[in-house]
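First listed ligand is number 1; within each ligand, the first listed atom is number 1. The analysis underlying the following values was restricted to heavy atoms, covering all of them including side chains, and did not include hydrogens, waters or symmetry mates.
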Amino acid sequence: MPRPIEALVHTDALAHNLARARAQAPNARVWAVVKANAYGHGIERAFDGLRAADGFALLDLAEAERLRALDWRGPILLLEGVFEPRDLELCSRLKLWHAVHCEQQIDWLAMHKTHEPHRVFLKLNSGMNRLGFTPAAFRAAYARLEALPQVDEIGLMTHFSDADSLRRGADGIAHQLAAFQAATEGLAGERTIANSAATLRHAPRTTEDWVRAGIMVYGGVPDFPEHDAAHWDLRPAMTLRSRLIGVQQLQPGDTVGYGSAFTAEQPTRIGVVACGYADGYPRHAPTGTPVLVDGQRTRTLGRVSMDMLAVDLTALPASGWGSEVTLWGEGPRGSRLPIDEVAQAAGTIGYELMCAVAPRVPVRCA
Ligand SMILES: *Cc1c(COP(=O)(O)O)cnc(C)c1O
């Protein structure tokens with residue numbers, strides 16, 4: 001028998017969450033963002049649930065090839081554009097749209113030989129200070145692109161740093177929105193500025209022509225804990241589950257795992273789960289991280305080790321060897337453990353947990 005851990009990808013939840021993005025932005029088209037192997041869900045599996053998207057956005061050219069191999073003929077956008085000149089050949093061949101965020105990428109386009117001109121999205125650095133032309137350089141870059149026979153339509157894009165929070169006040173996107181409007185005023189082209197957080201929290205100001213929905217289509221919440229998945233009506237697209245492969249009875253003073261990080265203060269029954277950090281479960285999840293056993297909520301105990309972790313069974317007398325354990329996602333009998341809660345306990349975000357599920361974990365569609 002294989003080790004009992006597995007990840008399930010819920011294609012119906014992907015379709016539901018995609019519909020949620022559409023409902024938030026009824027006048028926009030929706031790019032399902034499938035970078036990082038569809039946030040760990042697998043491009044091919046995610047495609048099953050997301051085929052109603054208007055396009056797919058990603059950044060790895062090999063992933064774009066995998067999408068075309070699935071016979072997806074619609075738009076594919078490379079969010080970071082090309083990394084070297086010969087990538088443009090693949091863009092021509094596979095009809096990929098690509099972001100243009102720096103002068104080098106325009107230089108490469110100017111030297112590129114292609115029969116069909118490319119569709120590009122010129123990226124503005126409106127304050128995130130990651131990729132993009134400054135507002136001062138933006139119009140000159142637009143003019144350069146416009147003059148190139150290699151370029152067809154030019155779209156306009158930017159990315160928010162604080163669409164998910166109140167860190168910059170009640171309206172953390174206003175300064176970037178104003179920068180984008182000023183830099184692009186009067187320029188022709190489709191606009192795309194919203195990620196999931198902006199789509200959920202700032203529609204319709206941000207939704208324009210295209211939205212780029214990432215975490216929300218996977219059922220992760222960009223602004224947890226201010227809001228949760230129930231608030232936004234998002235369903236988990238991934239379940240990580242395993243089983244108990246051991247049970248121990250602790251007496252007061254007994255400890256659990258490496259570093260004796262948990263000490264029992266009373267008689268405590270614990271279960272040992274076939275899941276550890278080598279499966280992608282966060283090693284920094286402390287004692288008390290939520291977990292479901294047979295669909296009932298309990299907590300982890302002690303340090304997460306490479307292949308195992310321990311859970312508290314004291315309040316679950318009917319559970320024991322072989323019991324089903326839900327690390328996150330959908331549990332038995334309608335139970336559910338949001339990935340955001342596990343991530344928060346471990347000091348990270350749902351995005352990282354999804355992306356970190358290890359290759360040794362078998363994944364299947366459910
Ligand atoms: C990853 C990414 C997104 C999607 O972000 P979410 O927060 O997952 O919705 C959108 N736009 C760009 C440029 C990205 O890199």
Side-chain angles (χ1 to χ4, degrees), residues 13-14 17-25 28-41 43 46 50 53-61 63-64 75-83 96-102 105 120-133 155-165 167 172-173 176-177 180 190-203 206-224 226-227 229 232 234 236-238 339-340 343 348-356:
L14 290 165
N17 297 334
L18 179 67
R20 287 285 303 115
R22 269 201 201 294
Q24 286 292 118
R29 279 171 289 166
V30 180
W31 265 309
V33 180
V34 294
K35 64 189 180 190
N37 200 25
Y39 290 47
H41 294 66
I43 298 262
L50 297 172
D54 298 297
F56 291 91
L58 41 68
L59 33 86
D60 189 309
L61 283 95
E63 291 184 344
I76 297 177
L77 174 66
L78 296 177
L79 290 164
E80 296 181 352
V82 296
F83 302 98
L96 306 181
W97 302 2
H98 47 100
V100 171
H101 64 77
C102 61
Q105 290 177 330
V120 298
F121 277 80
L122 184 62
K123 183 155 187 177
L124 175 74
N125 172 11
S126 58
M128 174 82 156
N129 287 313
R130 221 169 44 174
L131 298 181
F133 291 90
L156 306 164
M157 73 185 286
T158 196
H159 193 63
F160 293 120
S161 57
D162 292 85
D164 60 331
S165 79
R167 269 188 304 276
I173 63 164
Q176 287 189 263
L177 204 51
F180 184 76
E190 294 187 338
R191 271 95 170 135
T192 176
I193 60 180
N195 56 1
S196 296
T199 302
L200 291 169
R201 293 169 67 96
H202 302 288
T206 55
T207 48
E208 305 247 12
D209 299 303
W210 289 87
V211 298
R212 309 187 298 268
I215 194 70
M216 70 175 293
V217 303
Y218 305 101
V221 177
D223 60 352
F224 187 85
E226 190 187 339
H227 296 114
W232 294 123
L234 298 172
M238 180 194 283
I339 195 169
D340 307 298
T348 183
I349 51 177
Y351 295 73
E352 188 181 19
L353 297 190
M354 292 175 189
C355 294

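With sequence neighbours left out, Glu80 forms a side chain to side chain contact (heavy atoms under 4.5 Å, CB included) with Leu59, Phe83, Leu131. In this structure Asp209 satisfies the side chain to side chain donor-acceptor pair (under 3.5 Å) test with no other residue, sequence neighbours excluded.
The shortest side-chain heavy-atom distance between Tyr39 and Val217 does not fall under the 4.5 Å cut-off. Using a 4.5 Å heavy-atom threshold, the side chains of Gln105 and His98 count as separate.
Residue His159 comes nearest to Ser126 through the heavy atom pair O-OG, 4.0 Å, listed as atom of the first residue, atom of the second, then distance.
Not a single heavy atom of Trp31 lies less than 4.0 angstrom from ligand 1.
When only non-hydrogen protein atoms are considered, atom 4 (C) of ligand 1 lies nearest to Tyr39 OH, 3.5 Å. Counting only heavy atoms of the protein, atom 7 (O) of ligand 1 lies nearest to Tyr351 OH, 2.6 Å. In terms of protein heavy atoms, atom 9 (O) of ligand 1 is closest to Ser196 OG, 2.5 Å. Taking atom 12 (C) of ligand 1 as the reference point, the nearest protein heavy-atom neighbour is His159 CE1, 3.4 Å.
By the 3.5 Å distance cut-off applied to N or O atoms, Gly214 is counted among the residues near ligand 1. Between Ile215 and ligand 1, at least one pair of N/O atoms sits closer than 3.5 Å. Considering both main-chain and side-chain atoms, Arg212 comes within under 3.5 Å of ligand 1 through a nitrogen or oxygen pair. Ligand 1 has a nitrogen or oxygen under 3.5 angstrom from a nitrogen or oxygen of Lys35.
With hydrogens and angles left out, the side-chain atoms of Thr207 and Gln24 include no donor and acceptor closer than 3.5 Å.
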For this session: Tell me, with the steps shown, if Leu79 and Arg212 meet side chain to side chain contact (heavy atoms under 4.5 Å, CB included).
Result: CA-CA 10 Å; Leu79 290 164; Arg212 309 187 298 268; 3.9 Å; yes
